[in-house]
Peer 1: 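Supplied in structure tokens, the structure appears directly below.
This one's a predicted model, so the numbers in the text were calculated from it and none came from an experiment.
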Amino acid sequence: MTDKVDEKLKQTFLNQTQKIIISTGKFVADFQSLLKTIKQSDQYEYYQHLFKSTQVASFDEHKYEIDYLKKGQSAWEKRIVKSLNTMCSEVNLPLARQRNENEMRSVRRHWNELGHICGDLNRFRPVYSAKDFLDVICVLMNPNLKIDESIWNCGLIKIPLVTKSFIEIKNLYSDLRPNLIQYCSDETFNEVKEEENIKLALQILEKKSNLNAAREYAKRGCPTSLRGKLWSSMLDVDLSNWHVTYFNYLKQNVIDYDLLVDSLYFKDVKLTAVNDDQLFVFEDYLYQVLLLFSRDTYVQSCFTSSASGCQPARSFIKKKIGAEECAVIYPPSGIIPFYGFSMLVAPMCFVFEDPVHLYFIFRQFYMKYFFDLHHISASPNAIVGLCVLFESLLRQISPDLWFHLQDIQVQPLRMAFKWMMRAFSGYLASNQLLALWDRILAYDSLEILSLLAVAIFVLRKGNVLTVTSESAVEAIFSDISSIKVIPLLQFILGH
């Protein structure tokens with residue numbers, strides 16, 4: 001009955017509005033000018049009576065949307081915790097235990113070469129991968145929205161999130177326009193200009209509290225020699241004695257306690273960074289940072305500040321499984337690593353030599369940006385919003401490519417998702433990746449990940465249009481390490 005009333009009201013409103021616009025002969029550019037036209041007409045009292053006399057069902061769509069996404073995130077959290085507990089039973093090891101004296105001495109002695117204490121990792125496997133997470137996101141739907149699959153044709157994501165249009169994206173990243181010189185990526189950037197650029201950066205860094213100036217500067221890129229200082233400024237990380245003390249406190253926790261997730265981090269580094277020609281040299285740095293991170297309870301504040309209502313991972317005290325009062329946050333950070341998690345740290349090793357500085361930069365970067373890449377949320381900066389933005393931009397920029405992929409039943413998001421979930425780490429050359437991460441910090445947004453993913457598809461459009469199978473499309477995008485990030489972003493923004 002309510003649907004009929006709403007439909008009748010809408011039709012009456014549209015008919016009456018159309019008559020007013022035609023009778024006044026005025027051009028209505030937006031909703032505000034429409035309201036002004038209605039108020040100035042002699043039919044304004046009619047509109048007031050129309051809405052007062054009709055019962056219209058009202059609800060907060062945004063709140064409802066977040067509610068069903070919260071349920072999806074909650075179900076996902078339970079699934080990965082269950083997977084972790086199953087692994088714990090399979091390997092017959094506790095989630096956490098206190099080390100004996102010999103083990104403590106061994107960890108302390110091998111702190112700079114922790115690979116010596118990792119033990120047998122063959123029994124361990126990643127808790128989840130990008131594919132597992134994407135499969136969960138793909139089935140999420142607004143229960144209040146019915147979608148006709150035959151006419152939807154809008155990719156994998158069926159969540160009606162509002163994202164930026166291509167015009168809005170071009171306005172946001174206006175400093176990346178093709179006609180503007182970009183630092184370290186433009187052949188016209190000679191030594192004189194480089195010296196001037198570095199002098200400007202040093203002037204900005206002298207004013208320590210000038211966050212906006214640092215971001216504005218970094219929109220054109222960061223000089224390699226000053227990248228660490230600029231990142232520290234944009235992330236508001238100013239090292240002090242307190243940071244060293246806290247680092248040593250976490251280090252002592254690693255020495256005192258052995259966690260099951262330690263083996264997951266060891267395994268992940270072995271599977272990813274160690275197999276990378278550029279990153280294998282940072283193996284022991286990665287172990288230090290990741291083991292400290294797993295024990296850092298400050299990371300839990302990500303969950304309290306998140307709009308998605310997600311909760312840190314919890315497990316149970318031994319022999320108390322299922323008793324809510326015996327549930328504890330595990331690991332202490334609340335973060336269970338996925339396959340490739342260590343790649344979020346590895347590129348930063350090129351920028352920061354000091355382990356203390358490296359750790360706090362990573363922690364801040366993770367909490368501010370990377371956390372949203374593996375949690376379900378309605379935020380346009382979170383992974384679901386980035387997926388919607390990717391599919392939307394690809395349809396807008398290259399509809400022929402989009403519909404070709406749909407015709408051969410290939411979903412481009414299945415290839416782009418793993419790039420975005422790891423912020424392209426492990427897929428691009430290190431210098432290109434750091435240039436991309438410069439812009440994430442400068443624009444304070446992850447939307448550039450979706451834009452770059454679209455740009456890669458458009459770049460290889462000619463190859464894609466000639467193939468008709470999913471395996472052939474996957475082969476085209478199997479290696480993107482030769483991509484030059486900034487020129488490609490300038491190319492796509494020039495469309």
Side-chain angles (χ1 to χ4, degrees), residues 73 164 172-173 205 208-219 221-222 227-240 242-243 246-247 250 289-290 292-294 296-312 332-338 340-352 356-387 389 419-425 433-452:
Q73 173 62 28
K164 290 183 175 69
L172 173 63
Y173 294 106
L205 290 170
K208 292 187 177 181
S209 60
N210 202 342
L211 172 63
N212 291 332
R215 281 183 175 162
E216 197 63 33
Y217 174 89
K219 288 180 180 179
C222 298
R227 178 172 277 129
K229 292 181 179 179
L230 286 166
W231 280 24
S232 298
S233 177
M234 289 185 282
L235 288 169
D236 196 23
V237 175
D238 186 12
L239 281 190
S240 64
W242 177 89
H243 291 89
Y246 192 71
F247 181 93
L250 294 174
V289 170
L290 293 169
L292 295 176
F293 180 80
S294 68
D296 194 343
T297 56
Y298 181 74
V299 179
Q300 293 177 22
S301 59
C302 285
F303 297 93
T304 56
S305 61
S306 171
S308 65
C310 49
Q311 297 293 323
S333 64
I335 305 297
I336 295 177
F338 54 86
F341 189 92
S342 60
M343 297 302 286
L344 297 176
V345 188
M348 298 181 189
C349 296
F350 285 107
V351 185
F352 302 95
V356 179
H357 204 171
L358 171 63
Y359 176 74
F360 286 100
I361 287 291
F362 166 69
R363 188 183 75 171
Q364 192 69 5
F365 213 131
Y366 174 84
M367 293 177 66
K368 193 169 178 59
Y369 301 105
F370 295 156
F371 175 83
D372 287 328
L373 293 178
H374 58 101
H375 287 86
I376 297 170
S377 167
S379 167
N381 228 22
I383 191 64
V384 178
L386 296 179
C387 290
L389 179 62
W419 302 338
M420 295 190 291
M421 187 172 167
R422 276 168 42 176
F424 284 90
S425 183
L433 182 68
L434 294 174
L436 175 65
W437 287 10
D438 286 344
R439 273 68 180 190
I440 289 176
L441 291 170
Y443 290 94
D444 193 26
S445 171
L446 290 168
E447 290 166 318
I448 198 169
L449 300 179
S450 300
L451 181 64
L452 178 59

Peer 1: So, do Ile335 and Phe371 sit near enough that their side-chain heavy atoms are less than 4.5 Å apart?
Peer 2: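 They are in contact (side-chain heavy atoms under 4.5 Å apart), so the answer is yes.
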Peer 1: Counting C-beta onward and ignoring hydrogens, is there a side-chain heavy-atom pair between Ser301 and Met367 closer than 4.5 Å?
Peer 2: yes
Peer 1: Between Ile376 and Ile383, is any pair of side-chain heavy atoms under 4.5 Å apart?
Peer 2: no
Peer 1: Give me the atom names and distance for the closest heavy-atom approach of Leu449 to Phe424.
Peer 2: O-CE1, 3.5 Å
Peer 1: What orientation do Tyr366 and Phe293 show, parallel under 30°, tilted 30 to 60°, or perpendicular over 60°?
Peer 2: perpendicular
Peer 1: If you take the centroid of each ring, where Trp contributes its six-membered ring, are His243 and Tyr359 closer together than 6.0 Å?
Peer 2: no
Peer 1: Side-chain contact test, heavy atoms from C-beta onward, threshold under 4.5 Å: evaluate it for Pro380 versus Leu389 and give yes or no.
Peer 2: no
Peer 1: His375 vs Phe303, test: side chain to side chain contact (heavy atoms under 4.5 Å, CB included). Steps then yes/no.
Peer 2: CA-CA 10 Å; His375 287 86; Phe303 297 93; 3.8 Å; yes
Peer 1: Locate the shortest heavy-atom distance separating Asp372 from Asn381; write the atom from each residue and the value.
Peer 2: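 For Asp372 and Asn381, the tightest heavy-atom pair comes out as CB-O, 3.9 Å.
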Peer 1: Which atom names give the shortest non-hydrogen contact between Ser425 and Trp437, and what distance separates them?
Peer 2: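 That closest heavy-atom pairing would be CB-CZ2, 4.0 Å.
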Peer 1: Identify the heavy atoms of Tyr246 and Asp296 that sit nearest to each other, and give their distance.
Peer 2: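 Result for this residue pair: OH-OD1, 2.5 Å.
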Peer 1: How far apart are the closest heavy atoms of Tyr173 and Glu447, and which atoms are they?
Peer 2: OH-C, 3.7 Å
Peer 1: I would like to know whether Met420 and Ser450 meet side chain to side chain contact (heavy atoms under 4.5 Å, CB included); could you show each step before the answer?
Peer 2: CA-CA 7 Å; Met420 295 190 291; Ser450 300; 3.6 Å; yes
Peer 1: Are Phe362 and Phe365 an aromatic pair by the rule of ring centers under 6.0 Å?
Peer 2: no
Peer 1: Shortest non-hydrogen contact from Ala423 to Phe370?
Peer 2: CB-CE2, 3.8 Å
Peer 1: Hey, is the main chain of Lys229 close enough, under 3.5 Å, to the side chain of Ser233 for a donor-acceptor pair?
Peer 2: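 Checked: no pair found.
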Peer 1: Taking the side chain as every heavy atom from C-beta outward, state whether Tyr369 and Leu441 have any pair of such atoms under 4.5 Å apart.
Peer 2: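 Tyr369 reaches Leu441 side chain to side chain.
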Peer 1: Parallel, tilted or perpendicular: which describes the rings of Phe360 and Trp242, with under 30° parallel and over 60° perpendicular?
Peer 2: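 It falls in the tilted class, 30° to 60°.
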